[in-house]
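By convention in this document, chain letters (A, B, ...) are assigned in the order of the sequence lines, proteins followed by strands, and residues within each chain are numbered from 1.
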2 protein chains.
Amino acid sequence: MVKITDVARHAGVSPSTVSYALSGKRPISEETRQRIAASIRELGYRPHAGARALASSRSNVLALVVPLRAGIHVPVVMQFAVSVVTAARRHDHDVLLLTQEEGEDGLRRVADTALVDALIVMDVQLHDPRLPLLRALDRPSVLIGFPATPEGLTCIDLDFKAAGELCVERLAGLGHRVVALVGSPPEVYVRGTAFAQRVVEGFTAAADRNGLASSVHPCEASPGAARRVAEQLLREQPALTGVVVHNEPILEPLIDAFEQLGLRVPGDLSVTAICPDELAEGVRVPVTSIAIPSAEVGARAVELLMKKLGGTDVPEATLLAPRLTERASTACRAAP
Amino acid sequence: MVKITDVARHAGVSPSTVSYALSGKRPISEETRQRIAASIRELGYRPHAGARALASSRSNVLALVVPLRAGIHVPVVMQFAVSVVTAARRHDHDVLLLTQEEGEDGLRRVADTALVDALIVMDVQLHDPRLPLLRALDRPSVLIGFPATPEGLTCIDLDFKAAGELCVERLAGLGHRVVALVGSPPEVYVRGTAFAQRVVEGFTAAADRNGLASSVHPCEASPGAARRVAEQLLREQPALTGVVVHNEPILEPLIDAFEQLGLRVPGDLSVTAICPDELAEGVRVPVTSIAIPSAEVGARAVELLMKKLGGTDVPEATLLAPRLTERASTACRAAP
DNA sequence: GCGTGACGTCGAAGCGCTTCGACGGGGGAA
DNA sequence: TTCCCCCGTCGAAGCGCTTCGACGTCACGC
C-alpha cells in the first residue's frame with residue numbers, strides 16, 4: 001500500500017504538505033501542488049479511509065435508512081436511494097445502506113461508532129419512534145417525510161397535502177362535483193405513514209372547500225382489490241366523476257376495472273394520480289399526475305446534510321410544491 | 001466520546017485486555033470478561049470504526065453495486081440488496097451502496113481506500129468490463145450472475161439456463177408441442193446481460209431436445225408491448241399452447257392480452273414464468289413459476305465473501321437449482 | 001532600515017484501536 | 001523438586017492520516 005509518506009518522499013516534501021495540498025486547508029504553492037499531484041498519479045496513491053476518519057473525525061459516509069415495509073412502492077424507494085447516492089458522490093461522500101429492520105439500534109450504532117457522519121431517514125411515520133433518538137444524536141440527520149412534530153428536526157418532502165389539494169382543485173376546476181380518493185393499502189394508514197395521511201388531509205380539505213361530495217378508500221395493492229374498490233365506488237357514489245389515485249401498483253388495474261364496468265376514462269370519469277411520471281405515462285390512458293420528485297428530494301436532502309455538516313443553519317422544513325402534469329385521463333365533466 | 005482506555009480504567013484492566021475480551025482473540029478469564037462487559041454497558045462504549053479499521057485493516061464494510069439500468073426489474077434488485085444487508089449484519093458487517101454509474105472507478109476507489117473489505121457485484125454482463133479489475137483487486141469479490149468467462153472469479157446465481165429448460169420440460173411434459181419465450185426488453189439482450197441470455201439458451205436447448213416448435217420474443221416492459229407480442233404470437237404460431245415469460249412487469253398484461261384475444265389460461269394456453277413468487281401469486285390466474293431466490297442468493301453471496309475474507313477457499317461457481325412451483329396457469333394440452 | 005504580516009512549509013503530536021512480545025504464576029510431567 | 005508450558009494480562013509500538021504551532025522568507029509600509 002502506498003501511503004502519504006511515500007508520496008511526500010517522492011515529491012520531496014513533508015507528509016503534512018501533501019495533506020494540505022490535498023485538502024486545500026492551507027495555501028500551497030502552485031509548483032509544489034503540481035509536483036505532489038504528479039507523484040500521487042505516478043504512485044497511485046489513495047488515502048486510507050480509516051486513517052482519514054480517525055484523524056479528521058469525518059468518515060465521509062452518510063447513512064441511508066430505506067424502508068422495506070409492506071405497502072410501500074419499491075421503485076420509488078430505489079429512485080430515492082439512487083439519487084441520494086449520486087448526490088452524495090458529488091460531495092465526495094459514500095452511502096451506507098441500513099434497513100428499517102435495524103431500527104433505532106442500527107442508527108445508534110453507525111452514529112456512535114463514527115461509521116457515518118450524518119443520516120438520511122426515509123419512510124417517516126407521523127409518530128416515529130426514532131424521532132427522540134434522531135434529536136439526541138450528535139450527528140446531523142435529514143428526514144425524507146414529515147412526522148407530526150418535526151420541531152428540532154430537518155425534514156424534506158413533496159408537499160403531499162398540497163398534492164392532495166391540487167388534484168381535487170383540478171377536478172373541481174373541470175366541473176366535477178363528486179370525487180373519491182383511492183389511497184394506499186390500509187396498513188400504511190394504520191402505521192401512520194406521514195405522506196399518505198397528508199394526501200388524505202389535503203384531499204378532504206380541498207373537497208370540503210369546494211363543496212364537493214367526497215370519500216376516501218384505502219386499497220390493497222392488488223388488481224383484485226382495485227376491482228372491488230371500483231365496484232364499491234360505483235355502488236356507493238353513482239354520481240362519481242372524479243378519482244384521485246395514490247397507490248402506484250393499482251393505478252392501471254383500477255382504470256381497467258372502471259372501463260370494464262362501463263366507465264370511459266376520461267369520458268365518464270376523470271382520473272388524477274400522485275405517482276412517478278414513468279408510471280403515469282406508461283398506462284394505456286396516460287394519467288394526469290403529480291410526480292414524486294425523488295431525484296430532487298434525494299439531492300436536496302444531501303445538500304441539507306452537507307450544510308449542516310459544514311455548520312450552516314438550514315430550514316427545519318422543506319416542502320416541495322407539487323406540480324401537476326396534464327395528460328389524457330382528465331376532462332371536463334360531461335353535461336349532466 | 002468514551003474510548004477503550006476509559007473502559008479499561010473503569011474495569012481496572014489494560015486497554016489491550018479490553019480489546020481481547022471484545023475480539024476473543026486471546027483467552028480472558030470469565031471474571032474479567034464480565035467486569036469489562038459491565039463497564040462497557042455502564043459507560044456506553046462503542047469502538048470507533050475508523051480507529052478499528054486503521055489498526056486492524058478491516059473496515060467490516062462490504063460494497064454492493066446495484067444496477068440501475070433500463071429493463072431491469074427494480075423490486076428484485078431491492079430484494080437482493082435487502083438480503084445482502086441482512087446477511088451482512090449477521091456477520092457484523094455493514095453495506096456500502098454503489099451505483100452502476102460509478103463503474104470501475106467506484107470499485108477501485110472503495111477498494112483502494114480500504115473503505116470496504118470486499119465487494120458484491122450485481123447485474124453482471126456476459127462480457128463485463130469490470131471483470132479484469134475484479135480479478136486484479138486485492139479484495140475479494142462475489143458476482144451475482146455469471147459472465148462468459150467466470151474463471152478466477154466467484155459467482156453465484158440462480159441457474160437460469162436450467163430454469164429456462166425446466167419451464168420447457170414442464171410444458172413438454174404436459175403435452176405442449178409449440179412454445180414461445182417472451183423475454184426481457186431487447187436492450188437487456190443487446191447489453192449481453194448474462195441471466196437473460198442463459199434463459200434463452202436453456203429454453204431453446206430444451207425445446208430442441210423435446211422436438212418442440214419454439215420462438216423467442218424480447219419484449220418491452222409495457223402493457224402495449226405485451227399486447228403486440230400476444231397478437232404477433234397468435235399470428236405467427238397459431239398452434240401455440242405454451243408460453244414462458246421472463247419479464248416481470250408484463251406477466252399480467254400479457255395474460256390479459258391473451259385472454260382478450262380469446263385464449264383462456266390455462267384452457268387454451270399454459271403459461272410459466274421466471275419471476276418472484278409474490279408476482280406469480282398476485283396475478284389473476286396464479287402463474288406456475290420458478291422463483292428468483294433473491295434472499296438465498298444474497299445470503300449465500302455474503303457467506304462466500306466471509307469465507308474468502310477468512311482465508312477459506314470457496315467454489316468459483318455456485319448455481320442454485322431452479323424450483324418450479326405449480327400454480328393455476330398450466331394444464332395438459334387439450335386434445336387436438 | 002526595520003517591523004509586520006502573509007505565505008509556504010515542516011515536525012511532531014495525536015486520533016482510538018489492535019497486536020506483538022513479554023512476563024508472572026500455577027499446574028503437570030519428569 | 002525442577003523444568004516447562006500454558007493461561008491471563010500488560011505495555012508499547014504502530015496503523016496512516018490530519019492538524020497545530022512554529023519557522024524562515026519575502027514584500028510591503030513607514
Side-chain angles (χ1 to χ4, degrees), chain A residues 1-37 39-40 43-61 92 109-117 138 309, chain B residues 1-37 39-40 43-61 92 109-117 138 309:
Chain A
M1 163 170 222
V2 29
K3 37 197 180 190
I4 200 168
T5 51
D6 301 326
V7 175
R9 197 174 322 115
H10 188 272
V13 297
S14 80
S16 53
T17 303
V18 176
S19 178
Y20 285 124
L22 245 32
S23 69
K25 292 191 179 171
R26 282 198 186 176
I28 298 291
S29 71
E30 179 57 24
E31 187 213 324
T32 310
R33 225 178 318 126
Q34 294 296 342
R35 203 145 30 88
I36 291 175
S39 298
I40 288 179
L43 301 180
Y45 167 69
R46 297 280 201 171
H48 186 288
R52 195 205 271 277
L54 178 56
S56 68
S57 47
R58 274 295 174 79
S59 67
N60 277 32
V61 175
D92 196 31
R109 182 174 56 80
V110 295
D112 288 354
T113 60
L115 225 194
V116 306
D117 295 334
D138 53 339
L309 283 172
Chain B
M1 164 173 223
V2 29
K3 38 196 178 191
I4 201 169
T5 50
D6 300 328
V7 175
R9 197 175 321 116
H10 188 271
V13 296
S14 80
S16 54
T17 303
V18 176
S19 178
Y20 285 125
L22 245 30
S23 70
K25 293 191 179 173
R26 281 198 186 176
I28 298 291
S29 71
E30 178 58 23
E31 187 212 326
T32 311
R33 225 177 321 123
Q34 295 296 341
R35 202 146 29 87
I36 291 175
S39 298
I40 288 179
L43 302 180
Y45 167 68
R46 296 279 200 172
H48 185 288
R52 195 206 271 277
L54 177 57
S56 68
S57 45
R58 275 295 174 79
S59 67
N60 276 32
V61 175
D92 195 30
R109 181 174 57 80
V110 295
D112 288 354
T113 60
L115 225 193
V116 306
D117 295 334
D138 53 340
L309 283 172

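- Reading DNA chain D from its 5' end, the first and the last nucleotide to sit under 4.0 Å from a heavy atom of chain A are dG16(D) to dA22(D).
- Of the two residues near DNA chain D, Gly12(B) and Ala51(B), the one whose nearest nucleotide lies more 5' is Gly12(B).
- For the helix from dG1(C)-dC30(D) to dA30(C)-dT1(D), the rotation axes defined at the first and last 5 base pairs enclose an angle of 40°, given to the nearest 10°.
- For the segment residues 26-34 of chain B, residues with any heavy atom less than 4.0 angstrom from an atom of DNA chain C are, sorted by number, Arg26(B).
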* Pair Thr17(A)-Ser14(A), side chain to side chain donor-acceptor pair (under 3.5 Å): steps then yes or no -> CA-CA 5 Å; Thr17(A) 303; Ser14(A) 80; 3.2 Å; yes
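- Pro15(B) and Ala8(B) make their closest contact through N-CB, 3.5 Å (heavy atoms, listed as atom of the first residue, atom of the second, distance).
- A heavy atom closer than 4.0 Å to some atom of DNA chain C occurs in Val13(A), Ser14(A), Ser16(A), Thr17(A), Tyr20(A), these being the qualifying members of residues 13-23 of chain A.
- Residues Ala114(B) and Ser59(B) approach most closely at O-CB, 3.8 Å, considering heavy atoms.
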* Could you walk me through whether Ile40(B) and Leu22(B) pass the side-chain contact (heavy atoms from CB on, under 4.5 Å) check? -> CA-CA 10 Å; Ile40(B) 288 179; Leu22(B) 245 30; 3.5 Å; yes
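- Side chains of Leu309(A) and Arg58(A) form a contact here, defined as non-hydrogen atoms less than 4.5 Å apart.
- Distance check, rounded to the nearest 0.5 Å: OG of Ser19(B) to CZ of Arg52(B) gives 8.0 Å.
- Judged as a salt bridge (Lys or Arg N to Asp or Glu O under 4.0 Å), and not counting sequence neighbours, Asp117(A) has no contacts.
- The salt bridge (Lys or Arg N to Asp or Glu O under 4.0 Å) contacts involving residues 8-18 of chain A comprise Asp6(A)-Arg9(A), where partners must be two or more places apart or lie in separate chains.
- When all heavy atoms of Leu54(A) and Ala51(B) are compared, the closest pair comes out as CD1-CB, 3.6 Å.
- With hydrogens and angles ignored, the 3.5 Å screen pairs no side-chain donor or acceptor of Asp92(B) with any backbone N or O of Asn60(B).
- Taking for each of Ala55(B) and Ala55(A) the nucleotide of DNA chain C with the nearest heavy atom, the 5'-most of the two is the partner of Ala55(A).
- When atom types are taken as modelled, the side chain of Arg35(A) and the backbone of Ala11(A) share a donor-acceptor pair closer than 3.5 angstrom.
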* Intermediate values then yes/no, side-chain contact (heavy atoms from CB on, under 4.5 Å), Val13(B) and Tyr20(B) -> CA-CA 11 Å; Val13(B) 296; Tyr20(B) 285 125; over 6 Å; no
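- For the atom pair Lys3(A) NZ and Leu43(A) CG, the distance stands at 13.0 Å (nearest 0.5 Å).
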